[in-house]
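On a predicted model such as this, the values are computed, not experimentally measured, just so you know. Naming: A, B, ... by sequence-line order, numbering from 1 per chain.
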Amino acid sequence: MRASWADLAANTAAENAGAGTSVNNAGTGNSLPPSRSTYVPPHLRNRRPLAESPAPPYSGSTTSGSGAGTANAGSRWGAPRAENRSGVGSSGGRGNVWGNRSAGWDRGRDREVNPFGDQDDTEQPFNEQENSGINFDAYEDIPVETSGDNVPPPVNTFAEIDLGEALNLNIMRCKYVKPTPVQRHAIPISLAGRDLMACAQTGSGKTAAFCFPIISGILRGQPVQRPPRGVRTVYPLALVLSPTRELSMQIHEEARKFAYQTGVKVVVAYGGAPINHQVSLQLLESRCCIAYNEISYLSMALRDLEKGVDILVATPGRLVDLLERARVSLQMIRYLALDEADRMLDMGFEPQIRKIVEQMDMPPPGVRQTMLFSATFPKEIQRLASDFLSRYIFLAVGRVGSSTDLIVQRVEYVQESDKRSHLMDLLHAQRANGVQGKQALTLVFVETKKGADALEHWLCMNGFPATTIHGDRTQQEREMALRSFKSGNTPILVATDVAARGLDIPHVAHVVNFDLPNDIDDYVHRIGRTGRAGKKGLATAFFNDNNASLARSLAELMQEANQEVPAWLSRYAARSSFGGRNRRSGGGRFGGRDFRREGSFNRGGSDYYNAGNSSGGYGASGGYGGAYGPGASSAWD
DNA sequence: AAAAAAG
């Protein structure tokens with residue numbers, strides 16, 4: 001006999017109940033070892049344990065007669081709502097969405113920490129609308145393109161989609177008034193069960209775009225029985241992969257807000273993390289009797305994991321490790337999301353990703369639902385990515401506020417040997433202009449880790465408080481640097497490409513490409529760290545002969561973005577002909593276009609857009625071309 | 001060639 005969910009729930013409930021007064025834990029008889037790390041599925045949390053009837057596996061569609069299945073089907077969506085009216089109202093802000101059922105993890109030492117509470121902290125002197133920090137007025141002229149079969153129509157409000165009470169409440173807590181363009185399109189697509197390849201900036205609510213459908217889907221999905229491979233193996237229902245630890249942290253933090261009090265558990269796993277950052281807050285709160293420093297980071301991550309996970313956010317390396325140790329099984333994965341998907345599939349990451357997605361026990365495309373997000377989507381990468389997708393919809397969303405050029409891009413010719421003094425000039429000017437107030441942050445990108453350390457040191461020596469983030473620093477140092485920068489304590493951050501993608505750092509006024517990247521897409525991601533949340537941004541690049549290969553794509557990009565292209569750069573661009581590798585694949589208004597549309601026929605420029613399914617709601621695709629600006633700028637993130 | 005990601 002296999003262990004059922006009901007059994008697991010009963011065990012946990014008994015454990016949570018302390019002396020186990022009301023719960024009969026006997027009679028669940030099976031070979032399951034006495035488990036301290038039992039998993040409680042979302043739909044069983046916060047509710048009284050059921051004694052019988054294993055829930056069907058997710059692939060099955062039948063619910064077992066009298067047991068968990070039937071009872072839950074109603075309670076998941078029906079009952080909570082009824083309870084809400086009184087529950088939320090009477091309990092004020094504290095409101096337990098699920099009424100007063102309080103078994104599960106919202107109790108005792110496992111009390112779910114309010115993720116909305118920890119934003120105050122010393123780290124956040126800027127208390128404007130960080131959450132909703134999007135210029136909602138700029139929405140209407142955002143260009144959107146979709147292609148694929150039977151694209152579900154976009155929605156205009158969250159109310160149009162039934163995400164469930166708990167999720168709606170969290171949306172309110174996040175101060176999201178209405179969905180962003182990417183959300184308007186991506187959420188209906190995902191809710192319809194379709195695979196998705198989406199080009200969109202991070203600041204646009206991309207994380208929510210894939211989190212909402214996942215959480216909603218988990219809550220309303222068939223209860224699953226996760227096979228008992230041993231109590232130490234966990235079976236997440238959703239997997240979110242991202243290329244850097246900091247980005248995984250960021251996604252986790254956001255996802256926790258969205259999942260708050262839904263019963264859906266979000267866990268993050270990444271390498272090299274100090275205990276108090278990777279370990280869940282619940283665990284910290286419990287102050288369990290463990291000498292933290294005697295326990296490896298990994299074991300703490302595992303301990304956290306063992307408490308059960310529905311949505312696992314991870315970096316590839318650590319996940320592979322967990323998979324090889326059989327601490328995680330992907331057998332039950334229903335949702336797979338790759339953030340910065342083009343990075344995840346580039347040469348460095350592809351083998352690991354293929355291993356995770358294709359060579360472990362993850363359900364194949366068509367069985368699971370797959371969502372890929374990035375701002376840049378080179379054609380070659382799209383081709384690779386299509387292996388992971390089934391009948392997918394391609395979605396390209398322009399940049400919020402794109403009609404105004406939020407980012408001013410400058411390129412200056414600076415010899416290698418002059419870079420430091422030139423940077424110093426910029427910083428001095430900034431200071432003089434008062435641009436570098438407490439809130440004006442400068443992010444300086446360099447090519448190498450050693451270069452980052454050297455430059456940081458030199459800046460500090462010269463009276464500019466700087467810190468650095470790169471892969472040779474300990475995770476603790478990395479996170480400290482990021483916090484110090486965000487808080488304005490150290491208003492200059494010298495970074496390698498580890499900080500190029502996805503990180504949402506408010507108040508970055510200036511991005512300096514001290515060393516230009518070799519790939520134009522990297523440039524796009526880098527400068528996308530500024531000009532966010534409707535604020536203006538400045539991006540300055542130091543260009544010299546070493547960057548000749550980038551000249552053409554850079555000039556094109558700047559021209560598309562209505563930026564002033566220096567004559568000398570144009571000459572460079574003209575000289576470097578066959579700009580094969582570095583040419584932007586998509587060009588134009590989006591971070592990419594559907595490569596499926598670029599067959600031997602139909603390669604005409606604007607025809608392409610009209611060939612795809614019109615997105616609806618935005619009028620004809622030709623209409624916004626001018627207003628939007630030839631926006632390479634759409635490709636942020 | 002470099003960066004990221006496991007320890």
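Taking the centre of each ring, A/Phe464 and A/Trp458 stay at or above the 6.0 Å mark.
Whole-Å rounding puts the A/Gln475 CD to B/dA4 P distance at 11 Å. Note: CD (A/Gln352) to P (B/dA6) measures 7 Å, nearest angstrom. Between the C1' atom of B/dA4 and the NE2 atom of A/His470 lies a distance of 13 Å, rounded to the nearest Å. Atoms NZ (A/Lys449) and P (B/dA1) sit 15 Å apart, rounded to a whole Å. We find that CD of A/Glu350 is positioned 15 Å from C1' of B/dA5, with the value rounded to whole Å. Rounded to whole angstrom, the span from the CD atom of A/Glu447 across to the P atom of B/dA1 amounts to 13 Å. For the pair A/Asp346 CG and B/dA5 P, the computed distance is 13 Å after rounding to whole Å. Here the P atom of nucleotide B/dA5 and the CG atom of A/Leu322 are 15 Å apart, to the nearest Å.
Taking 4.0 angstrom as the limit, A/Arg245 places a side-chain polar atom (N or O) nearer than this to OP1 or OP2 of B/dA6. Between A/Arg318 and B/dA5 there is no side-chain N or O to OP1 or OP2 distance below 4.0 Å. Proximity of A/Arg478 to the phosphate of B/dA5: a side-chain N or O atom is located under 4.0 Å from OP1 or OP2.
For A/Glu324, counting side-chain heavy atoms from C-beta on, the closest listed nucleotide (B/dA5, B/dA1, B/dA6) is B/dA6. Side-chain proximity of A/Thr496 to the nucleotides B/dA2, B/dA3, B/dA6 is greatest for B/dA3. Of all nucleotides listed (B/dA5, B/dG7, B/dA3), B/dA3 comes nearest to the side chain of A/Thr448. Distances were taken from every side-chain heavy atom of A/Thr315 (C-beta onward) to each of B/dA6, B/dA2, B/dA4; the shortest belongs to B/dA6. Closest to the A/Val498 side chain, of the nucleotides B/dA4, B/dA6, B/dA1, is B/dA4.
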Start with the C-alpha gap between A/Asp497 and A/Arg526, add the side-chain angles, then the distance that decides, and say whether salt bridge (Lys or Arg N to Asp or Glu O under 4.0 Å) holds. CA-CA 8 Å; A/Asp497 268 331; A/Arg526 285 180 178 186; 2.8 Å; yes

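Inter-residue side-chain proximity for A/Phe514 and A/Leu455 is flagged as met; some heavy-atom pair is nearer than 4.5 Å.
A/Thr490 pairs by the side-chain hydrogen bond (donor to acceptor under 3.5 Å, both in side chains) definition with A/Ser484, not counting sequence neighbours.
If you check every strand for non-hydrogen atoms under 4.0 Å, A/Gly471 touches sugar and phosphate atoms only.
We find the CZ-OG1 distance between A/Arg327 and A/Thr233 to be 7.5 Å, quoted to the nearest 0.5 Å.
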